[in-house]
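Read the structure below first, then the notes.
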Amino acid sequence: MPIATVNPATGETLKTFDPLGPREIEDRLAAARDAFESHRSTPMARRQELLRAAADLLEGEQNDIARTMTLEMGKPLAAARAEVAKCVKAMRWYAQHAPDLLADEHPAQEDVTDSGAVRATVRYRPLGPVVAVMPWNFPLWQVTRFAAPALMAGNVGILKHASNVPQTALYIEDLFRRAGYPGGCFQTLLIGAADVAALLRDPRVAAATLTGSEGAGRSVASIAGDVVKKTVLELGGSDPYLVMPSADVVRAAATAVTARTQNNGQSCIAAKRFIVHEDVYDDFTRRFVRAMGGLAVGDPMQEGTDVGPLATEQVRRDVEELVDDARRGGATVLTGGSRPEQDGPGWFYQPTVLADVTGRMRIHREEAFGPVAVVYRVGSLDEALERANDTPFGLSSNVWTRDRAEQERCVRDLRAGGVFLNGMTASHPGLPFGGVKRSGYGRELAGHGIREFCNITTVWYGPED
């Protein structure tokens with residue numbers, strides 16, 4: 001796959017890059033090893049200074065890097081600016097909280113006395129160079145939510161970014177360099193997917209994290225497992241969005257539009273399956289369909305655009321195939337279901353709502369990575385939960401109900417890494433993020449994320465006399 005910036009709004013190739021060769025990759029791995037030996041001993045106060053400096057630089061360059069992201073993968077410019085601001089927030093959050101999150105733990109003396117210890121301590125020590133295989137859909141945020149905690153913990157990062165966002169990838173390396181991080185602390189490797197296996201097997205690499213497709217996750221986990229290295233995987237999602245009779249239907253329908261079309265619908269945590277109780281189904285669906293059909297699809301550089309192009313021609317083809325399969329199986333297209341009428345260059349697709357979807361249709365089981373929603377009518381909470389859990393994925397979920405008993409039931413019974421009540425799923429630096437089932441394992445963000453790539457070390461002190 002070529003490493004190039006291709007504008008998804010026009011199909012034009014804007015810039016190409018030569019992938020790194022074996023000698024260059026070797027030099028980068030040696031630099032990462034040497035950088036780790038220094039960075040792991042860097043005082044916490046200095047790590048805080050460095051990450052805050054990166055946040056300040058990024059904040060000052062918000063408009064420029066936002067335009068780069070929009071050019072490379074097509075998200076609306078306003079969404080790109082919001083992504084930059086979120087990264088700044090995460091960097092500052094980890095700079096502030098890392099000392100407490102990584103502080104030594106001291107078990108109570110009475111809990112360890114029978115081990116023969118005078119005292120004991122638990123310490124969080126860094127593992128080493130961590131390879132991050134990252135996707136194009138949030139090209140700055142996905143990397144930041146790995147890099148900020150990893151660097152604060154004393155690890156160093158090696159980024160293999162998606163091949164269609166090379167300029168964003170190179171910018172991130174340069175950002176950390178200009179912030180004052182020593183060479184080798186964070187490096188971008190412009191390489192193809194075929195080079196990842198050797199990278200993971202290299203003894204200088206301590207661990208890996210991947211956000212991406214289920215297939216890519218299986219590959220990375222298999223290779224890392226073969227050489228016994230820690231991995232964190234954040235894979236696909238087909239998040240349910242439950243709406244029960246007690247819900248604020250007006251707000252639920254309005255939020256549903258954002259939940260489905262954020263990032264042009266290309267988000268693993270986007271709500272994709274809207275499971276609505278029959279008492280409010282007609283009202284919710286009418287509002288939802290009208291709002292989805294009224295979204296402005298067009299040039300992502302224009303401020304009034306709600307939905308830009310899909311990131312690649314293949315992504316649009318995949319979405320079209322899912323919708324066409326559902327239509328052939330008897331699904332009803334309530335709005336959208338095709339490319340824009342005035343289809344020209346670029347990979348645009350209309351916001352779409354499908355009804356009458358059955359288990360025989362691919363879209364019932366597969367993730368739709370574009371602005372396509374499926375609405376289901378259910379007659380009870382039991383049926384809603386059964387439908388919600390009828391998926392191989394388990395990333396997050398959304399529940400709209402004012403009934404406290406229903407809320408608790410959903411928290412107990414939804415098989416997902418998150419349950420968002422009367423709101424839409426979102427990631428936040430202070431909350432752990434990740435899934436179950438085929439959505440992956442491990443957690444990013446919060447204290448759980450920063451400790452994923454730490455050697456959790458027991459320090460046992462015996463009597464000295």
Side-chain angles (χ1 to χ4, degrees), residues 5-12 14 66-83 135-139 164-165 238-239 241 253-274 284-327 331-355 357 363 367-375 424:
T5 295
V6 180
N7 186 346
T10 65
E12 178 187 5
L14 302 178
R67 288 183 62 84
T68 298
M69 288 193 289
T70 295
L71 279 174
E72 291 200 304
M73 57 73 55
K75 69 174 71 234
L77 189 57
R81 287 196 296 265
E83 182 173 340
W136 46 260
N137 59 333
F138 291 94
N164 60 327
V165 290
S238 188
D239 290 3
Y241 191 102
T255 304
V257 177
T258 304
R260 177 62 283 231
T261 61
Q262 60 176 316
N263 209 45
N264 302 338
Q266 301 165 123
S267 172
C268 51
I269 59 170
K272 300 181 176 78
R273 298 176 299 128
F274 296 81
F284 173 88
T285 302
R286 175 177 52 81
R287 295 175 185 276
F288 182 45
V289 169
R290 184 174 59 207
M292 288 283 283
L295 294 173
V297 179
D299 184 353
M301 287 292 183
Q302 298 299 315
E303 296 293 345
T305 296
D306 298 310
V307 178
L310 299 182
T312 69
E313 188 172 15
Q314 183 62 52
V315 171
R316 182 172 69 172
R317 187 177 301 120
D318 291 344
V319 169
E320 288 178 322
E321 289 176 358
L322 286 177
V323 173
D324 290 345
D325 173 78
R327 184 187 281 114
T332 302
V333 179
L334 301 180
T335 190
S338 65
R339 301 178 184 185
E341 291 183 6
Q342 303 299 323
D343 188 42
W347 302 307
F348 296 92
Y349 195 80
Q350 290 182 323
T352 298
V353 182
L354 303 177
V357 167
I363 201 167
E367 179 180 22
F369 217 61
V372 177
V374 177
V375 290
M424 60 174 269

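By convention here, the first residue in the shown sequence is residue 1.
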Derivation of the side-chain contact (heavy atoms from CB on, under 4.5 Å) call for Val372 and Tyr349: CA-CA 9 Å; Val372 177; Tyr349 195 80; 4.0 Å; yes
Closest non-hydrogen atom pair, Cys268 against Glu367: CA-OE2, 3.7 Å
For Gly74 and Pro300 the tightest heavy-atom approach is O-CB, 3.3 Å
Report yes or no: does Arg260 contribute a side-chain atom to a donor-acceptor pair with the main-chain N or O of Gly370 at less than 3.5 Å? yes
Measure from the side-chain N and O atoms of Arg67 to the backbone N and O of Leu77, and report whether any donor-acceptor pair falls under 3.5 Å. no
Within-4.5 Å side-chain heavy-atom neighbours: Met73 and Asn263: yes
Asn164 vs Val6 side-chain heavy atoms within contact, under 4.5 Å: no
Using only atom types and a distance under 3.5 Å, with no angle test, would you say the side chain of Asp239 pairs donor to acceptor with the backbone of Lys272? no
Would you confirm whether Thr335, through its side chain, and Val353, through its main-chain N or O, come within 3.5 Å as a donor-acceptor pair? no
Please confirm whether the backbone N or O of Ala296 pairs with a side-chain atom of Asp306, one donor and one acceptor, at under 3.5 Å? yes
Can you tell if the side chain of Lys75 reaches within under 4.5 Å of the side chain of Pro139, non-hydrogen atoms only? yes
Within a strict 4.5 Å, meaning less than it, do heavy atoms of the Pro309 and Arg316 side chains meet? no
Give, for atom OG1 of Thr312 and atom CH2 of Trp347, the distance between the pair rounded to the nearest 0.5 Å. 6.5 Å
Does Arg317 form a salt bridge (charged side-chain N to carboxylate O under 4.0 Å, His left out) with Glu321? I'd like the steps, not just the answer. CA-CA 6 Å; Arg317 187 177 301 120; Glu321 289 176 358; 5.4 Å; no
May I have the step-by-step check of side-chain contact (heavy atoms from CB on, under 4.5 Å) for Phe138 and Ser267, ending in yes or no? CA-CA 8 Å; Phe138 291 94; Ser267 172; 3.8 Å; yes
Backbone N or O of Tyr241 within a donor-acceptor pair of the Arg273 side chain at under 3.5 Å? no
Distance, nearest 0.5 Å, that separates CD of Glu320 from CG of Leu310: 9.0 Å
Residues Val315, Glu313; criterion side-chain contact (heavy atoms from CB on, under 4.5 Å); working and verdict: CA-CA 6 Å; Val315 171; Glu313 188 172 15; over 6 Å; no
For residues Asp325 and Arg327, determine if any side-chain heavy atom of one lies less than 4.5 Å from a side-chain heavy atom of the other. no
Are any side-chain N or O atoms of Thr352 and backbone N or O atoms of Gln350, one a donor and one an acceptor, separated by less than 3.5 Å? yes
Nearest-0.5 Å distance, CD1 of residue Ile363 to OG of residue Ser238: 8.0 Å
Any donor and acceptor pair, going by atom type alone, linking the side chain of Asn7 with main-chain N or O of Ala9 inside 3.5 Å? yes
Main chain of Met301, side chain of Asp299: is a donor-acceptor contact present, judged purely on distance under 3.5 Å? yes
Is it the case that the side chain of Thr305 and the backbone of Val307 share a donor-acceptor pair, with hydrogens and angles ignored and the cut-off at 3.5 Å? no
For Leu334 and Val375, what are the C-alpha separation, side-chain angles and deciding distance, and is it a side-chain contact (heavy atoms from CB on, under 4.5 Å)? CA-CA 10 Å; Leu334 301 180; Val375 290; 4.2 Å; yes
Between Leu295 and Pro351, which heavy-atom pair has the shortest distance, and what is it? CD1-CG, 4.0 Å
Ignoring hydrogens, what is the shortest heavy-atom contact between Asn264 and Pro371? Give both atom names and the distance. O-CD, 3.3 Å
Students often mix this up, so state it plainly: with edges at 30° and 60°, are the rings of Phe274 and Phe288 parallel, tilted or perpendicular? tilted
Side chain to side chain donor-acceptor pair (under 3.5 Å) evaluation trace for Glu72 with Thr5: CA-CA 5 Å; Glu72 291 200 304; Thr5 295; 2.5 Å; yes
